[in-house]
Amino acid sequence: MAQQGVLTPQNEDFPRWYQDVVAKAELADNGPVRGTMVIRPYGYSIWEHIQSEIDQRIKAAGAQNAYFPLFIPESYLSREAEHVEGFSPELAVVTHAGGEQLTEPVVVRPTSETVIGEFMAKWVQSHRDLPLLLNQWANVVRWEMRPRMFLRTSEFLWQEGHTAHATFEDAAAYARQIHHDVYNDFIQNVLGVQVYLGIKSTSERFAGATNTMTCEGMMGDGKALQMATSHELGQNFAKAFDIKFQDESGTSAYCYTTSWGASTRLIGGLIMAHGDDNGLVVPPRLAPIQVVVLPVRDDEAVNAAVDRVGDQLKVAGIRVTTDRGRGSFGRRVTDWEIKGVPIRLEVGPRDLAEGLVTLARRDSGEKVQVRLEDVASATTNMLEEMQTAILAASRHRLSSRTADVTSVAEAAEAATAGFARLPWDLVRGEGETQLRTQAITVRCLQRADGSMPDHENEANLTCIVAKSY
RNA sequence: CGGGAAGUAGCGCAGCUUGGUUAGCGCGCCUGGUUUGGGACCAGGAGGCCGCGGGUUCGAAUCCCGCCUUCCCGACCA
């Protein structure tokens, strides 16, 4: 039965649709202070799954978790000139504490290169201490001009990795390893989003970095979202914080450091990459709830079957929940659709009489009937199919809405609907400035074959330009 | 921070132009009953510092000033 939508349709007003999903899927609420956000239990459970997947990959890459303080002496920031220049406008600074004015104000960390640098300097003495591979899960604060739920909040949750290496090559290789094996692997295989991997142009680079790598995803409205980044920091922070080691020959040298992060912004990316007019679509591998079992009516035989089916799925290792007796069937269906649960398993007397149940897939709307004894295997298969289909859809959107063009003017035109790709030599400098006036930015630079360049000055690079979040 | 819009019950809104008894409506919520194969229905009920502060007035949701917050478009950004 056609209903008036619960959500604003995407093509009517995409930002409004986004807000609706955040609210109706019970992901988050606005906090009382400008730009802050309360992450609700369902939203937080998605974050916990993101954390767990990324954390496993970080550990597989050899880094260890640690925790550094929220407060940083203001003077630390100013030790690295570009870093302080980049971050000062958005710092929250504590000037009073304990009822007194502080002699040195402390900043609430916007990122932790500086404090961690300070401690790396203490911990690194010898080449035997390298590489030093650290990660922390933390909150950071950046007083942004224009907050948006999950995409840009004054306080956000993330992981930030910080490493120190003996050589430029080792640092560069590790930053790339994180970029591919942690970020791209997670984003593609768990989040189901196809991204462009590339390096940032000088103007888009992280403050204090010598090279910034990015994963650029395309959202449902054709705009870009930077979903994770890895930075090579050269010796900038090593020099500012005196991170030195002695090599085999006894010569003292500065380390090369890296940093890399992914944040709760990924949830914004999840919403906008896969969501539709019925709400969120959570990829099966990420979903806190993979299957919701819905009894069509509150009836003894049906409930008994619901329990049996739920147990079968649990035994098969599927994350399953049951929703019974909470209002009408239709209501429960739409509620779980908004939350994006991959599979809805309907149990009703008619099907049951024939020994069947119905599976409904969230992304395609496809419904199939399966025999009770096959529920676990059919569900497992459908979850895998959906995971594959979601990535395929994301891949299709990215390729079909990236236009290869040959001028800045054409790029500007193409960027109204998606991404544009063109030779970097046509854009760098003048073109970049010109595109910026139309809110279009260079998202990343790639080699002609789509691989990641070593630096901006390589010959024959292409660039991808788009409007972005 | 610049340009635009808006803040009235949990959510969405009307009322404001032209100040005047008790501030309404839809959804949601509570109670009881009937329901449940795509947002159920009937009956009864609860819920308001009308964003905050000041001013004008006999009287302010309504007029004036200031501030805060949210949304949209920019500059900034994970």
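Scope of the values below: all heavy atoms of this structure, side chains included, with no hydrogens, waters or symmetry mates. Chain naming here is simple, since letters A, B, ... match the order of the sequence lines and numbering starts at 1 in each.
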List the atom pairs, with distances to 0.1 Å, where a side-chain N or O of residues 366-376 of chain A and a protein N or O form a donor-acceptor pair under 3.5 Å, not counting sequence neighbours.
| residue | atom | partner | partner atom | Å |
| --- | --- | --- | --- | --- |
| A:Gln369 | NE2 | A:Asp351 | OD1 | 2.8 |
| A:Arg371 | NE | A:Glu373 | OE2 | 3.2 |

- Expressed as a whole number of Å, how far does the P atom of B:A75 sit from that of B:C63? 35 Å
Tabulated below should be each protein N or O lying under 3.5 Å from an N or O of nucleotides 5-8 of chain B; please produce it.
none

- Message: Between B:C41 and B:C16, how many Å separate the two C1' atoms, rounded to a whole number?
- Response: 37 Å
- Task: Taking side chain to side chain contact (heavy atoms under 4.5 Å, CB included) as the test, write out the residues that go with A:Thr416, two or more places apart.
- Result: A:Glu413
- Task: Whole angstrom is fine here: how far is it from CD in A:Glu144 over to P in B:C76?
- Result: 11 Å
- B:A60 to B:G20 separation - P atoms, rounded to the nearest Å: 11 Å
- In whole angstrom, give me the gap between the C1' atoms of B:G10 and B:G74. 34 Å
- Query: Knowing that exactly one of A:Tyr76, A:Trp143, A:Phe206 qualifies, which makes a ring pair (Phe, Tyr, Trp, His ring centres under 6.0 Å) with A:Phe87?
  - Reply: A:Phe206
Output one line per pair: protein atom, nucleotide atom from nucleotides 70-75 of chain B, and distance, for all N/O pairs under 3.5 Å.
| residue | atom | partner | partner atom | Å |
| --- | --- | --- | --- | --- |
| B:U70 | OP1 | A:Gly35 | N | 3.0 |
| B:U70 | OP2 | A:Arg34 | NH1 | 3.0 |
| B:C73 | OP2 | A:Arg146 | NH2 | 2.2 |
| B:C73 | OP2 | A:Arg148 | NH2 | 3.1 |
| B:A75 | OP1 | A:Arg436 | O | 3.2 |

- Message: If I take atom CG in residue A:Leu7 and atom P in nucleotide B:C27, what distance separates them, rounded to the nearest angstrom?
- Response: 19 Å
- Message: Without decimals, in angstroms, what is the distance between A:Arg205 CZ and B:C77 P?
- Response: 14 Å
- side chain to side chain contact (heavy atoms under 4.5 Å, CB included) partners of A:Leu133, counting only residues at least two apart: A:Ala63, A:Pro131, A:Thr163, A:His165, A:Tyr174
- Note on the structure: When rounded to whole Å, the CZ to C1' distance for the pair A:Arg297 and B:G38 reads 14 Å
- When rounded to whole Å, the CD to P distance for the pair A:Glu90 and B:C76 reads 11 Å
- Query: NA contact type, A:Gly86, heavy-atom cut-off 4.0 Å: base, sugar-phosphate, or nothing?
  - Reply: nothing
Anything under 3.5 Å between a donor and an acceptor, one on a side chain of residues 266-273 of chain A, the other on a protein residue two or more places apart or in another chain? List them.
none

- Do any of residues 344-359 of chain A sit with a heavy atom less than 4.0 Å from RNA chain B, and if so which? A:Arg344, A:Glu346, A:Gly348, A:Pro349, A:Arg350, A:Asp351, A:Thr358
- Message: Among residues 262-279 of chain A, which ones have heavy-atom contacts with RNA chain B below 4.0 Å?
- Response: A:Ser263, A:Arg265
- Query: Is any NZ, NE, NH1 or NH2 atom of the basic residue among A:Arg176 and A:Asp454 found under 4.0 Å from an Asp or Glu carboxylate oxygen of the other?
  - Reply: yes
- Please list all pairs passing the side chain to side chain donor-acceptor pair (under 3.5 Å) test where one or both residues lie in residues 81-93 of chain A, with sequence neighbours left out. none
- In whole angstroms, how far is the P atom of B:C76 from the CD atom of A:Glu85? 13 Å
- Can you tell me if the side-chain N/O atoms of A:Ser328 get under 4.0 Å from OP1 or OP2 in B:U36? no
- Which ring-ring contact (aromatic ring centres under 6.0 Å, His included) pairs, counting each pair once, include a residue from residues 350-373 of chain A, with sequence neighbours left out? none
- Query: Base, sugar-phosphate alone, or nothing: which one does A:Thr153 contact when heavy atoms must sit under 4.0 Å apart?
  - Reply: base
- Message: Check A:Arg57 with A:Glu53, please: is the shortest side-chain N to carboxylate O separation under 4.0 Å?
- Response: yes
- Sequence neighbours left out, what pairs pass side chain to side chain donor-acceptor pair (under 3.5 Å) with at least one residue falling in residues 264-278 of chain A? A:Asp276-A:Arg362
- Item | Residue pairs fulfilling side chain to side chain donor-acceptor pair (under 3.5 Å) with at least one residue in residues 199-212 of chain A, sequence neighbours excluded | A:Lys200-A:Glu216, A:Lys200-A:Gln226, A:Ser201-A:Ser203, A:Ser201-A:Glu432, A:Thr202-A:Glu456, A:Ser203-A:Glu432, A:Glu204-A:Arg436, A:Asn211-A:Glu232, A:Thr212-A:His231
- Note on the structure: Here the distance between atom C1' of B:A78 and atom CZ of A:Arg109, to the nearest Å, is 15 Å
- Indicate the ring-plane relationship of A:Phe14 and A:Trp17, choosing parallel, tilted or perpendicular according to the 30° and 60° boundaries. tilted
- Rounded to whole angstroms, how far apart are CD1 on A:Ile54 and C1' on B:A78? 12 Å
